[in-house]
Amino acid sequence: MDINRYKPSYGVSHTHMTKISDFSTEELFELLYASKVMKAKFIAKEDCRILKGVTIAFLFSDTSLRTRSALEIGIRQLGGASIDLPYSESDMRAGENIQDIVNVISRYGVGALITRGTPQKELDTFCAVSELPVINTFNEYGAPLQTIGDLFTIWEKARKLEGVKLAYVGKCTSNAISLITGAVKCGLEVSVSCPEEFSIPKAALDNARQYGKINVCLNPAEGVKGADFVYTDNYEYHLNLSEKEKSILLPYQVNKTLLSYCSPDVKFMHALPARRDVEVTAEIIDGNKSITLLQAENKLHTVKAVLALLCK
């Protein structure tokens, strides 16, 4: 399906966003078009306070910088307010009830619950009892907001999605899982090059392959051949790799040599934070092929688009 021929209605049927795989191609297009509108309004400095009087609650058990900033700033730009909910595993063990949490905060005028680091099983419980939209920013199943922002960035740069080649290289992360799934749903040609020790989980790969072809190979030069966009992620986010693990990943570093196998106009992508000269050389991430700052910028517009469509 060609996104440029799609006629958006600016609506989705889902109340919650916890996994990209829950959303159809059409719904992903709706979110991308809404992101485009939000960015245009931002550039034009148009008043867009559609969340006036609405409070959005955060339940974060993991640290965040860009996502947190984009959420708080985006909510303010939409006229809303945000609040942190105290999160404690000891509270849960002491008998705190998820249904009570969501039912009570809904009576406080909260318009949505945004989570980070909450396991999918627990999120599913939230969604089963919550009339409020539940939006997952990151867990073991992926990073839906990041994926929508990345796809919007690719569309903005390539001016299309169908037939665009996206190559993911290096250590597979949960971010990669949602990115690969969303990309193939939107018609991109997807290639994944990861060492066996850090490959995408079979269940996640099988799920993504329901929506299109995904080429998986061990050789990164083969994987990025002819790629329009090359994407990698932080190898050591919240953990430390051994020297042996680092040596396994070294051939997958995105550098000038690897990008020579790509399309001449290839663009480099990274969700940030990045470790320069580890998964990518400073020359590439800070060079003219990098669109990482555009990705980070577009997260703001994606956040507002998701809130606009889910917080009805």
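All heavy atoms count here, side chains included; hydrogens, waters and symmetry mates do not. Throughout, residue positions are numbered sequentially from 1 according to the sequence presented.
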Q: Check the pair K171 / E279 against salt bridge (Lys or Arg N to Asp or Glu O under 4.0 Å), numbers first and verdict last.
A: CA-CA 9 Å; K171 178 186 176 185; E279 70 267 14; over 6 Å; no

Q: Should E27 and T25 count as side-chain neighbours, where that means a heavy-atom distance under 4.5 Å?
A: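 Counting from C-beta outward, E27 and T25 never come under 4.5 Å.
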
Q: Ignoring hydrogens and geometry beyond distance, is a side-chain donor-acceptor pair present between E30 and Y6 at under 3.5 Å?
A: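 Looking only at side-chain atoms, Y6 and E30 do form a donor-acceptor pair, the distance falling under 3.5 Å.
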
Q: List, one per line, each side-chain donor-acceptor pair under 3.5 Å for residues 141-154, sequence neighbours excluded.
A:
residue : atom : partner : partner atom : Å
Q146    : OE1  : K299    : NZ           : 2.7
Q146    : NE2  : D150    : OD1          : 2.9
Q146    : NE2  : D150    : OD2          : 3.3
T147    : OG1  : A143    : O            : 3.4
T147    : OG1  : S178    : OG           : 2.8
T147    : OG1  : L179    : N            : 3.3
D150    : OD1  : Q295    : NE2          : 2.8
D150    : OD2  : Y231    : OH           : 2.7
T153    : OG1  : G149    : O            : 2.8
T153    : OG1  : N298    : ND2          : 2.9

Q: Spell out, as yes or no, whether a donor-acceptor pair under 3.5 Å connects the side chain of S61 to the backbone of G117.
A: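 Confirmed, S61 side chain pairs with G117 backbone.
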
Q: I'd like a table of donor-acceptor pairs (distance under 3.5 Å, sequence neighbours excluded) in which one partner is a side-chain atom from residues 181-200, with atom names and distances.
A:
residue : atom : partner : partner atom : Å
T181    : OG1  : I177    : O            : 2.8
K185    : NZ   : S21     : O            : 2.9
K185    : NZ   : F23     : O            : 2.3
S191    : OG   : G223    : O            : 2.9
S199    : OG   : E196    : O            : 3.3

Q: Around atom CG of D84, are there more than 12 heavy atoms from other residues, nucleotides or ligands closer than 6.0 Å?
A: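 Atom CG in D84 is packed in, count exceeds 12.
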
Q: Just wondering, more than 12 heavy atoms not from I83 lying within 6.0 Å of its CD1?
A: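 Incorrect, the count does not exceed 12.
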
Q: Quick one: are L161 and L32 in side-chain contact, heavy atoms under 4.5 Å?
A: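 The answer is yes, as the side chains (C-beta and beyond) meet within the 4.5 Å cut-off.
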
Q: Sequence neighbours excluded, which residues qualify as ring pair (Phe, Tyr, Trp, His ring centres under 6.0 Å) partners of Y10?
A: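 For Y10 there are no ring pair (Phe, Tyr, Trp, His ring centres under 6.0 Å) partners, ignoring immediate neighbours.
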
Q: Who are the ring pair (Phe, Tyr, Trp, His ring centres under 6.0 Å) partners of H270, not counting sequence neighbours?
A: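 Once residues adjacent in sequence are excluded, H270 has no partner under the ring pair (Phe, Tyr, Trp, His ring centres under 6.0 Å) criterion.
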
Q: Can you find a heavy atom in the side chain of K39 that is under 4.5 Å from one in the side chain of E156?
A: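 Side chain of K39 against side chain of E156, heavy atoms only: contact under 4.5 Å found.
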
Q: Would you say K246 has more than 12 foreign heavy atoms packed within less than 6.0 Å of its NZ?
A: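 Enclosed.
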
Q: Strictly distance-based, threshold 3.5 Å: is any side-chain N or O of T281 a donor or acceptor partner for the main-chain N or O of N255?
A: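 Flag not set: sc T281 to bb N255 has no pair under 3.5 Å.
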
Q: Could you list all the side-chain hydrogen bond (donor to acceptor under 3.5 Å, both in side chains) pairs where at least one residue sits in residues 70-79, not counting sequence neighbours?
A: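 Sorted result for residues 70-79: R68-E72, Q77-K304.
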
Q: On a heavy-atom basis, which atom in V164 and which in A158 lie closest, and how many Å separate them?
A: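 Residues V164 and A158, closest heavy atoms: CG2-CB, 4.0 Å.
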
Q: How would you list all residue pairs meeting salt bridge (Lys or Arg N to Asp or Glu O under 4.0 Å) that involve residues 135-146, not counting sequence neighbours?
A: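 Applying salt bridge (Lys or Arg N to Asp or Glu O under 4.0 Å) to every pair that reaches into residues 135-146, excluding sequence neighbours, yields nothing.
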
Q: Tell me if a side-chain donor or acceptor on H16 pairs with a main-chain N or O of V134 at a distance below 3.5 Å.
A: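 Pair found, side chain donor or acceptor close to backbone of V134.
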
Q: Is there a side-chain contact between I114 and L307 (heavy atoms, below 4.5 Å)?
A: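 Yes; the side chains approach each other to less than 4.5 Å.
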
Q: For D22, enumerate each residue passing the side-chain contact (heavy atoms from CB on, under 4.5 Å) test, keeping only those at least two apart in sequence or located in another chain.
A: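 D22: side-chain contact (heavy atoms from CB on, under 4.5 Å) contacts with H14, T18, K19.
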
Q: So, the side chain of S263 versus the backbone of G226: is there a donor-acceptor pair under 3.5 Å, distance only?
A: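 It does not hold such a pair.
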
Q: Can you tell if the side chain of L113 reaches within under 4.5 Å of the side chain of I135, non-hydrogen atoms only?
A: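 With C-beta onward as the side chain, the pair stays apart.
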
Q: Does one hydrophobic cluster hold both L218 and I248, with members joined at side-chain heavy-atom distances below 4.5 Å?
A: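 L218 clusters together with I248.
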
Q: Measure the spacing between SG of C262 and NZ of K267 and express it to the nearest 0.5 Å.
A: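 With rounding to 0.5 Å, SG (C262) is 12.0 Å from NZ (K267).
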
Q: Could you pull out all residues at least two apart from A176 that satisfy side-chain contact (heavy atoms from CB on, under 4.5 Å)?
A: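 Scan of A176 (side-chain contact (heavy atoms from CB on, under 4.5 Å), adjacent residues dropped) gives Y168, C172, T173, I180.
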
Q: Using the test side-chain contact (heavy atoms from CB on, under 4.5 Å), find all partners of Q210 that sit at least two apart in sequence or belong to another chain.
A: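 Applying side-chain contact (heavy atoms from CB on, under 4.5 Å) to Q210 gives N207.
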
Q: Among residues at least two apart in sequence or on other chains, which ones pass side-chain contact (heavy atoms from CB on, under 4.5 Å) with R276?
A: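 Result, side-chain contact (heavy atoms from CB on, under 4.5 Å) vs R276: A282, I285, D286.
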
Q: Can you list everything that forms a ring pair (Phe, Tyr, Trp, His ring centres under 6.0 Å) with Y235? Sequence neighbours excluded, please.
A: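 Listed in chain order: nothing, the list is empty.
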
Q: In a check of side chain to side chain contact (heavy atoms under 4.5 Å, CB included) between F60 and each of L85, T115, L71, which one passes?
A: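 For F60, the side chain to side chain contact (heavy atoms under 4.5 Å, CB included) test succeeds with only one of L85, T115, L71, which is L71.
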
Q: Between the side chain of S130 and the main-chain N/O of C127, is any donor-acceptor distance below 3.5 Å?
A: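 Checked: no pair found.
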
Q: Hey, is the main chain of V230 close enough, under 3.5 Å, to the side chain of K165 for a donor-acceptor pair?
A: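 Absent.
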
Q: With no hydrogens and no angle check, just 3.5 Å: does a side-chain donor-acceptor pair link N103 and D100?
A: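 The criterion, which ignores hydrogens and geometry beyond distance, is not satisfied for D100 and N103.
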
Q: Looking at every non-hydrogen atom in both residues, tell me the closest pair between V306 and M17 and how far apart they are.
A: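 Residues V306 and M17, closest heavy atoms: CG2-CE, 4.0 Å.
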
Q: Determine whether the aromatic ring centres of residues F29 and W155 are separated by less than 6.0 angstrom.
A: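 Between F29 and W155, which both carry aromatic rings, the centre distance is not below 6.0 Å.
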
Q: Are M1 and E162 packed together at the side-chain level, in the sense that at least one heavy-atom pair is separated by less than 4.5 angstrom?
A: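 No; the side chains remain at least 4.5 Å from each other.
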
Q: Could you check whether any side-chain heavy atom of R116 comes within less than 4.5 Å of a side-chain heavy atom of T67, counting everything from C-beta outward?
A: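 Counting from C-beta outward, R116 and T67 do come under 4.5 Å.
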
Q: N4 side chain to R159 main-chain N or O, any donor-acceptor pair under 3.5 Å?
A: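 Yes: the side chain of N4 pairs with the backbone of R159.
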
Q: Looking only at heavy atoms, what is the nearest atom pair of L59 and P86, with distance?
A: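 What the structure gives for the nearest pair is CD1-O, 4.2 Å.
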
Q: Identify the two heavy atoms, one from I214 and one from A208, that lie closest to each other, and give their separation to 0.1 Å.
A: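 Here I214 and A208 meet closest at CD1-CB, 3.5 Å.
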
Q: Any side-chain heavy atom of L78 within less than 4.5 Å of one from R49?
A: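 The answer is no, as the side chains (C-beta and beyond) never meet within the 4.5 Å cut-off.
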
Q: By the salt bridge (Lys or Arg N to Asp or Glu O under 4.0 Å) test, which pairs, at least two apart or in different chains, include something from residues 198-222?
A: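 Residue pairs passing salt bridge (Lys or Arg N to Asp or Glu O under 4.0 Å), neighbours aside: K202-D206.
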
